[in-house]
Amino acid sequence: MSAPELQGRSLFRYLWRQLTSMRNALILLLLLGLASIPGSLFPQRTQSPLKVREYFQNDPEGAKWLDRFYLFDVYGSPWFSAIYILLFISLIGCVVPRTWHYAKEALSKPTPAPNSLTQLEAYREVDGDLESTERWLKKNKYRISKDESGISAEKGYLHETGNLIFHLALIVVLLGVGASSVFGMRGEAIVTVGERFINVPTSYDNLAPGRFFNVANMPAFAITAANFEAKYDPETRQPLDYKLTALVADSTKERPTEKIVRVNQPFTFGDSRVYLQANGFSPLVTVRDKNGEVKFEGPVPFLPQDANLTSIGAIKVPDMNPQIGFVASFFPTAARDEVRGGFSSYPALLDPRLLVSVWEGDLKMDSGIPQSVYRIDTSEMNRIGLWGLSIGESYSFGSPDPVGTITFNGVVPWVNLQVVKDPGKPWALAGSIVAITALMASLFIRQRRIYVKPKGGRLEIAGLALNRLPGLEEEIGRLVKEAGR
Amino acid sequence: MTNRDWAYISNGLIYVALFAYTISFLFYAFETAFSVKESKGFDRTRTIRSNRIGTLFFLIGTAAISLGVIARGASAGRVPWGNMYEFSISGAMFFALAYLIIGKKYDLRWLGLPISILLLIIIGTAITLLYRPSAPLVPALQSTWLVVHVAAAIISGGMFLLSNTVASTYLWLDRMERKGERSEFAKRFPSLETLDQLSYRMVAFVFPLWTFAIIAGAIWAEAAWGRYWGWDPKETWSFITWILYAAYLHARVTAGWKGRKAAWLSLIAGSSYLFNYVYINVWGTGRHTYSGL
């Protein structure tokens, strides 16, 4: 092909034909599979941001390069989207014209028999007459067209129908998935038991709205975490049940309604759903200065580090001069060994202990750089104390002159709630159900043609297994046996 | 009986199964080795008794492992699909049952030896490396979807493995035929065409079930984790397996692939299933890893 031909419309047409060819559609499909592999080998920001950060800490230079190729955001990367979108267009380009073509074909009569049948499958010459074979074919629900040269019969149109519906349904699934990511939202918030979560953007620790999700349209509701129970198997220490009792209030009801939320049992609010995702402990502490004045009081959520809920956290007291920070560990059931030092040996509160290391100096909270609430940057601070506390105990830190005291008053659990709005979900589900039904039709229904032609007082019979499923030979055998003379 | 009794019974039955499959393996091996005498060529009748004894022990093994899986479920008061040990013994059970059922229809006796070896490997690894005491399910697994999703996934896996065994046999014989004639020993196996068709039909039969396993998993993930698809490593690899088998079906039906090329593609697709099961469960991360394994 010379260059001038590949311009404007003809170029477009050329590309379009390439894109929608069966071969390239298959290559795109395999490419999509290949492209999704790196996302399972490198940590992904959307799933494990902490691991990604670890990667950056351990190998900053390498991580920077990986990041340039979006290897920490594979499924949102331009190259992944490119394959996905091309495949999508190719799918539409393959299926829609074919549906149109097929609809015309399915409404018309089967194409007449070719001149010579010997090249087809299951060819044979038998004694018999056209009328009785036609009767047999009709009885067996073949669609028949007849002319002077013979009979052409076809059956199993549902195979191709299923095939096309399957691919059309896949398009619906993909549209549903796309709609969710564009019009939906998901957010997470840690709510300490006893406290209330109000569904506004600022309540979330983490909020990911879709591009066209209007944050102002968030449904108005408030959830109070009234009670949380966690049950564990004493033998294996594995969780048996997490149960959150929540009070849900919205403007339409006078009183809040009580809802039970479990791991497999989210509750639905309008088109949003609320899921119980994780849990941990918030130690209740009071910090006083040397005059006994309260400078900080309340529950502080700690981050669990293992299955036994060994947790770490930070208590920041910016109102003291100099500022005070506590880098702390919390153990619901305290234990100690040589290797790990302090840790928790059971996830329930059997022997709760709070371990604090006290730092004095600049907490750097005003630097403008967003800070983790679970960590303290101690680079410009001095350690002035280290102590372990049981519930009810106090520790007076600073020497020789006391600076203040910290009191460990008790522990309350917290829960991590995930709020999800997913408008494409019903489409994806409906598409999947249709797809799988149609898939079975297309895989298990045999579409076949049988041709019968008279030849010098005898009959020539042959067929075509259109989707290459076995059984044509037997079927023609039956036809010959039952319709022959 | 207490839960602990059931667990002991289950463990005992799994050992019985391992023992029975070992004997079955020995008899199949004997049959295979001695059915050919160099001067006289292939004679199946020489070792038919050995084959029958092998099959008898295969049946005993399958009965024992089925009861073992049931007892394991009884010990925990749930379906026995809570950890990798339980997946493995259930998978072995479905694999053996699929072989027996399909073998009745198509005469797969020649597959007895490779299948008993695979079963020994699966059960052996389960007992030695993957064993976990019977315990209740963690909250995320407490769902009816566990039964539906895992059953579909394990049965699909058993069929993929069976189809791969046939495809491997195809490739082996194909190589031999290209170099010349089949050896006397290899003449006992079906024709290449039969093997090719059989491997394809198993995939075509089980592909909708695999699709269903993924959809059921998505529905469950929506309830348990708040999203139906999240590119968790397990999800990603089940998707890759799906794509590879979809490509395989297209290649066969639309592009008319047959024989060697098709067999290789199905082997690649089957390995992605195996990779997903072994690698992601043991060394991988993500939300499909429970209780260590």
Side-chain angles (χ1 to χ4, degrees), chain A residues 22-23 25-26 29-30 32-34 36-37 39-41 43-44 46-48 51 74-75 163 177 180 186 188 230-231 233 235-236 238-243 262-266 273-277 307 418-420 422 425 428-429 432-433 435-437 439-440 442-444 467-470, chain B residues 132-133 135-145 197 200-201 204-205 207-209 211-212 214-215 218-220 222-237 239-244 246-247 249-256 272 276 279-280 284-287 290-291:
Chain A
M22 187 68 208
R23 197 183 66 134
L26 267 178
L29 185 67
L30 285 172
L32 186 68
L34 205 64
S36 44
I37 293 177
S40 71
L41 304 178
Q44 299 295 297
T46 44
Q47 288 141 13
S48 36
K51 287 230 172 82
V74 167
Y75 306 108
N163 187 18
V177 172
S180 294
R186 59 184 61 236
E188 284 180 38
K231 279 195 203 120
D233 181 0
E235 212 170 317
T236 61
Q238 281 193 15
L240 295 174
D241 188 29
Y242 297 125
K243 180 180 157 196
R262 287 192 160 94
V263 175
N264 267 300
Q265 198 184 315
R273 295 189 104 185
V274 180
Y275 300 84
L276 176 62
Q277 287 296 30
Q418 189 179 27
V419 182
V420 179
D422 206 341
K425 199 162 60 187
L429 180 63
S432 311
I433 294 171
I436 198 168
T437 319
L439 175 66
M440 287 198 276
S442 97
L443 281 174
F444 301 142
N467 54 327
R468 292 169 212 249
L469 282 182
Chain B
R132 291 282 176 288
L137 290 174
V138 299
L141 292 181
Q142 293 166 10
S143 163
T144 332
W145 287 104
Q197 272 296 322
Y200 164 63
R201 291 187 74 175
F205 171 77
F207 184 70
L209 187 66
T211 313
F212 174 73
I214 295 177
I215 295 173
I219 295 173
W220 183 12
E222 192 278 327
W225 301 330
R227 84 289 184 292
Y228 54 87
W229 193 265
W231 296 108
D232 176 88
K234 197 91 177 178
E235 294 171 350
T236 305
W237 278 92
F239 175 66
I240 293 170
T241 306
W242 190 86
I243 280 187
L244 287 171
L249 292 176
H250 272 121
R252 280 202 84 113
V253 178
T254 322
S272 78
N276 197 2
Y279 181 80
I280 303 296
T285 52
R287 310 189 80 159
Y290 297 104
S291 67

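Please read all numbers here as calculations on a predicted model, not as lab measurements. Labels below follow one simple rule: chain letters A, B, ... track the order of the sequence lines, proteins then strands, and each chain is numbered from 1.
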Contact leader toward chain B among [options], where contacts are heavy-atom pairs under 4.5 Å:
| options | value |
| --- | --- |
| R273(A), K425(A), K231(A) | K425(A) |
| D233(A), T437(A), L29(A), L34(A) | L29(A) |
| I37(A), L30(A), V74(A) | I37(A) |
| D422(A), L276(A), T236(A) | D422(A) |

If you define the side chain from C-beta out and look only at heavy atoms, does anything of [X] sit under 4.5 Å from [Y]?
| X | Y | result |
| --- | --- | --- |
| L439(A) | F207(B) | yes |
| Y228(B) | L429(A) | no |
| I215(B) | I433(A) | no |
| L141(B) | V263(A) | no |
| P139(B) | L240(A) | no |
| L443(A) | F205(B) | no |

Contacting moiety of [X], where chain A heavy atoms sit under 4.5 Å:
| X | result |
| --- | --- |
| W242(B) | side chain |
| I214(B) | neither |
| W237(B) | side chain |
| R201(B) | side chain |

Based on non-hydrogen pairs under 4.5 Å, which of G226(B), P208(B), A246(B) is most in contact with chain A? G226(B)
From [X] [atom1] over to [Y] [atom2], what is the distance, rounded to the nearest 0.5 angstrom?
| X | Y | atom1 | atom2 | value |
| --- | --- | --- | --- | --- |
| Q238(A) | R132(B) | CD | CZ | 9.5 Å |
| I436(A) | L209(B) | CD1 | CG | 7.5 Å |
| Q418(A) | W225(B) | CD | CH2 | 12.0 Å |

Mind checking side-chain hydrogen bond (donor to acceptor under 3.5 Å, both in side chains) for Q197(B) and listing every partner two or more places apart, or none if nothing turns up? none
How close do A223(B) and P266(A) get, heavy atom to heavy atom, and via which atoms? O-CD, 3.6 Å
What are the two closest heavy atoms between L26(A) and A247(B), and how far apart are they? CD2-CA, 4.0 Å
For [X], is it the side chain, the backbone, both, or neither that has a heavy atom closer than 4.5 Å to a heavy atom of chain B?
| X | answer |
| --- | --- |
| R186(A) | side chain |
| S180(A) | side chain |
| Q44(A) | neither |
| V177(A) | both |
| A25(A) | neither |

Regarding [X] and [Y], is there a side-chain donor-to-acceptor distance under 3.5 Å anywhere?
| X | Y | answer |
| --- | --- | --- |
| Y242(A) | Q142(B) | no |
| N264(A) | W220(B) | yes |
| S36(A) | W231(B) | no |

Backbone N/O of E222(B) and side chain of Y275(A): donor-acceptor pair under 3.5 Å: yes
